[in-house]
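In what follows, a single structure is set out as structure tokens and then discussed.
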Amino acid sequence: MPELPEVEVVRSGLERWVAGRTISSVEVLHSRATRRHGAGPADFAARLTGQRLEVPRRRGKYLWFPFDDDAALLAHLGMSGQLLVGEGELPEDGRPSAGTSDPSELKHLRVRLSFDDGGPDLRFVDQRTFGHLMVDDLANGVPAVIAHIAADPLEDAFDGEAFFQALRRRHTGIKRALLDQSLISGVGNIYADEALWRAELHWARPTETLTRAQATRVIDAVREVMAEALKAGGTSFDSLYVNVNGESGYFDRSLNVYGRRDEPCNRCGTPIRRDSFMNRSSYSCPVCQPRPRRGHF
DNA sequence: CTTCGTTCCTGTACGC
DNA sequence: TGCGTACAGGAACGAA
């Protein structure tokens with residue numbers, strides 16, 4: 001699942017492949033991929049064609065390619081989205097050509113952008129179609145539809161004290177707050193669990209009871225785990241195919257709790273527990289991250 | 001206003 | 001073998 005580090009790996013990987021190139025044609029193969037582009041797939045294609053893409057930018061899990069006219073191509077990878085740089089044709093019969101390494105990429109190809117230099121094209125491939133592409137106007141350098149998304153913890157603009165004050169005002173659990181992109185962006189289920197394990201806090205801990213020191217610990221943990229994942233993702237990324245499979249990433253090996261139900265905690269040896277929460281899984285150590293009691297501070 | 005449950009989607013794993 | 005079900009989960013949306 002692409003979270004901030006995976007999206008950043010994609011962003012930096014795409015820089016050299018798309019910056020400065022002009023789009024010559026757009027194929028939308030599945031309209032769901034452009035569902036957030038209100039004016040429809042044809043308008044999406046029309047607004048993209050002829051545009052010269054600048055250096056891609058990112059906030060949280062959103063990625064965008066500015067044009068030179070205060071608009072941009074905005075992308076969100078959802079759960080299974082990939083942006084691939086590809087060579088070779090996509091034959092009508094659906095059989096992969098030499099330039100396509102994986103037949104499933106072909107099957108799940110949703111949008112294809114070609115460039116006027118005749119070089120490699122840009123392909124949006126997405127199995128589960130939770131991701132999307134759209135064209136949007138920029139406001140203060142950020143696509144208008146993501147104006148409500150908070151700065152992410154790796155941005156200079158991120159304000160730790162403001163985040164702490166927001167937590168104190170909220171009446172919710174810390175994990176729910178970490179996943180709320182309007183409070184802090186870029187954190188998904190995996191890094192939320194990992195950061196809370198590092199900070200030794202239970203996912204249900206009421207945000208209004210957090211001390212400044214604990215909030216700082218959580219933020220530091222988020223930054224830490226993301227920086228490590230980013231560092232791990234920065235290697236072996238020089239291939240033509242900009243692959244973004246968060247699930248098969250090598251950072252798996254560095255996870256302390258996520259997906260480790262019943263395996264020993266790396267700090268105390270207690271079996272890791274799995275709770276169902278928000279229709280998803282939460283992993284934590286029962287000893288290092290005790291469930292909060294009423295009135296617990 | 002805030003908070004929270006539902007919904008979208010498809011491939012994989014697993015029990016019977 | 002095949003069928004049904006649970007699960008993976010980001011974020012927009014609407015209800016309370």
Side-chain angles (χ1 to χ4, degrees), chain A residues 1-8 10 28-38 58-64 74-83 102-111 124-134 136 142-153 163 165-196 203-209 222 226 244-249 251-252 255 257-262 273-284:
Chain A
M1 288 62 71
E3 299 182 31
L4 187 155
E6 292 75 29
V7 178
E8 175 56 24
V10 174
V28 178
L29 294 108
H30 195 312
S31 63
R32 190 172 147 79
T34 57
R35 66 194 177 284
R36 281 195 79 195
H37 187 91
R58 182 191 56 74
R59 166 165 288 180
K61 304 170 202 170
Y62 281 93
L63 177 66
W64 68 92
L74 178 64
H76 193 292
L77 301 176
M79 300 199 23
S80 53
Q82 298 171 282
L83 283 167
D102 181 354
S104 76
E105 289 173 5
L106 211 55
K107 183 175 175 188
H108 303 302
L109 180 66
R110 308 303 185 195
V111 177
F124 180 61
V125 174
D126 189 5
Q127 177 202 107
R128 278 175 265 187
T129 69
F130 274 42
H132 66 268
L133 301 181
M134 67 181 292
D136 195 25
V142 176
V145 293
I146 63 163
H148 64 290
I149 300 294
D152 65 57
F163 180 67
Q165 294 302 335
L167 291 180
R168 297 292 305 219
R169 285 193 300 271
R170 285 267 174 145
H171 294 276
T172 190
I174 180 62
K175 183 169 176 182
R176 204 182 278 275
L178 285 175
L179 296 177
D180 186 337
Q181 306 296 302
S182 69
L183 294 178
I184 177 173
S185 69
V187 184
N189 202 41
I190 297 173
Y191 293 112
D193 279 2
E194 292 299 313
L196 289 172
W203 51 265
R205 176 59 181 271
T207 54
E208 67 269 31
T209 69
V222 169
M226 283 185 168
V244 209
N245 190 342
E247 289 167 326
S248 60
F251 191 67
D252 285 9
L255 297 176
V257 282
Y258 185 83
R260 297 194 59 237
R261 195 222 293 245
D262 296 335
R273 82 185 142 195
R274 173 193 177 276
D275 297 306
S276 194
F277 164 70
M278 285 175 84
N279 277 333
R280 44 189 54 94
S281 297
S282 281
Y283 298 92
S284 59

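Small disclaimer: the values here were computed from a predicted structure and weren't measured. Here is the naming used below: chain letters follow the sequence lines, and residue numbers restart at 1 for every chain. All heavy atoms count here, side chains included; hydrogens, waters and symmetry mates do not.
Checked against C:dA12, C:dC7, C:dG10, the side chain of A:Leu179 finds its nearest nucleotide in C:dG10. Of the candidate nucleotides C:dA11, B:dG11, C:dA8, C:dA11 has the atom lying nearest to any side-chain atom of A:Gln181. The nucleotide whose nearest atom lies closest to any side-chain atom of A:His76 is, among C:dA11, B:dT10, C:dA8, C:dA11.
A:Gln127 places its CD atom 13 Å from the C1' atom of C:dC7, with the value rounded to the nearest Å. Between the C1' atom of C:dA11 and the CG atom of A:Leu178 lies a distance of 16 Å, rounded to the nearest Å. If you take CG of A:Asp180 and C1' of B:dC1, they are 14 Å apart, rounded to a whole angstrom. Taking atom CG on A:Leu77 and atom C1' on C:dA8, their separation rounds to 16 Å, with Å as the unit. Rounding to whole angstrom units, CG of residue A:Asp275 and P of C:dA8 are separated by 12 Å. Distance, A:Met79 CE to B:dT12 P: 14 Å, rounded to whole Å. Between the CZ atom of A:Phe277 and the C1' atom of C:dC7 there is a distance of 17 Å, given to the nearest Å. Rounded to whole Å, the distance from CZ on A:Arg261 to C1' on B:dA13 is 14 Å.
The side-chain contact (heavy atoms from CB on, under 4.5 Å) search around A:Ser276 returns none, not counting sequence neighbours. Residues that satisfy the salt bridge (charged side-chain N to carboxylate O under 4.0 Å, His left out) test with A:Arg58, not counting sequence neighbours, are A:Glu8, A:Asp152. Considering only residues two or more places apart in sequence or on other chains, A:Asp275 meets the side-chain hydrogen bond (donor to acceptor under 3.5 Å, both in side chains) condition with A:Trp203. Residues satisfying the side-chain contact (heavy atoms from CB on, under 4.5 Å) criterion with A:His132, sequence neighbours excluded, are A:Arg35, A:Arg36, A:Tyr62, A:His76. With sequence neighbours excluded, the residues forming a side-chain contact (heavy atoms from CB on, under 4.5 Å) with A:Ala33 are A:Arg110, A:Val111, A:Phe124, listed by chain and number. Judged as a side-chain contact (heavy atoms from CB on, under 4.5 Å), and not counting sequence neighbours, the contacts of A:Phe163 are A:Phe158, A:Leu167, A:Leu178, A:Leu183, A:Ile184, A:Ile219. Remark: A:Ser281 pairs with A:Arg274 by the side-chain hydrogen bond (donor to acceptor under 3.5 Å, both in side chains) rule, at least two apart or across chains. The side-chain hydrogen bond (donor to acceptor under 3.5 Å, both in side chains) check on A:Tyr191 picks up A:Glu6, with sequence neighbours excluded. A:Asp193 is linked by a salt bridge (charged side-chain N to carboxylate O under 4.0 Å, His left out) to A:Lys175, counting only residues two or more places apart in sequence or in another chain.
Across every non-hydrogen atom of A:Arg260 and A:Leu255, the tightest pair is CD-O, 3.5 Å. Heavy atoms only, all atoms of each residue included: A:Thr207 and A:Arg170 are closest at OG1-O, 3.2 Å.
With the end axes of the helix from B:dT2-C:dA16 to B:dC16-C:dG2 each set by five pairs, the angle from one to the other reads 50° at 10° resolution.
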Using nucleotides 14-16 of chain C, report all nitrogen or oxygen pairs with the protein that are shorter than 3.5 Å.
none

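Counting any heavy atom pair closer than 4.0 Å across all strands shown, A:His148 reaches sugar-phosphate atoms only and no base atom. A:Arg110 comes within 4.0 angstrom of nothing in the nucleic acid, heavy atoms only. Among the heavy atoms of the strands, none lies under 4.0 Å from A:Arg35. If you check every strand for non-hydrogen atoms under 4.0 Å, A:Ser281 touches sugar and phosphate atoms only.
When atom types are taken as modelled, the side chain of A:Arg168 and the backbone of A:Glu208 share a donor-acceptor pair closer than 3.5 angstrom.
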In the 5'-to-3' direction, what one-character label does each nucleotide of nucleotides 2-8 of chain B receive under the scheme B = base within less than 4.0 Å of a protein heavy atom, S = sugar-phosphate only, - = no such atom? -SSSBBB
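Between A:Tyr62 and C:dA12 there is a side-chain polar atom (N or O) within less than 4.0 angstrom of OP1 or OP2. Taking 4.0 angstrom as the limit, A:His108 places a side-chain polar atom (N or O) nearer than this to OP1 or OP2 of B:dG11. One finds no side-chain N or O of A:Lys107 lying less than 4.0 angstrom from the OP1 or OP2 phosphate oxygen of B:dT10.
Using a cut-off of 4.0 Å between Lys/Arg side-chain N and Asp/Glu carboxylate O, A:Asp126 and A:Arg32 are scored as not salt-bridged.
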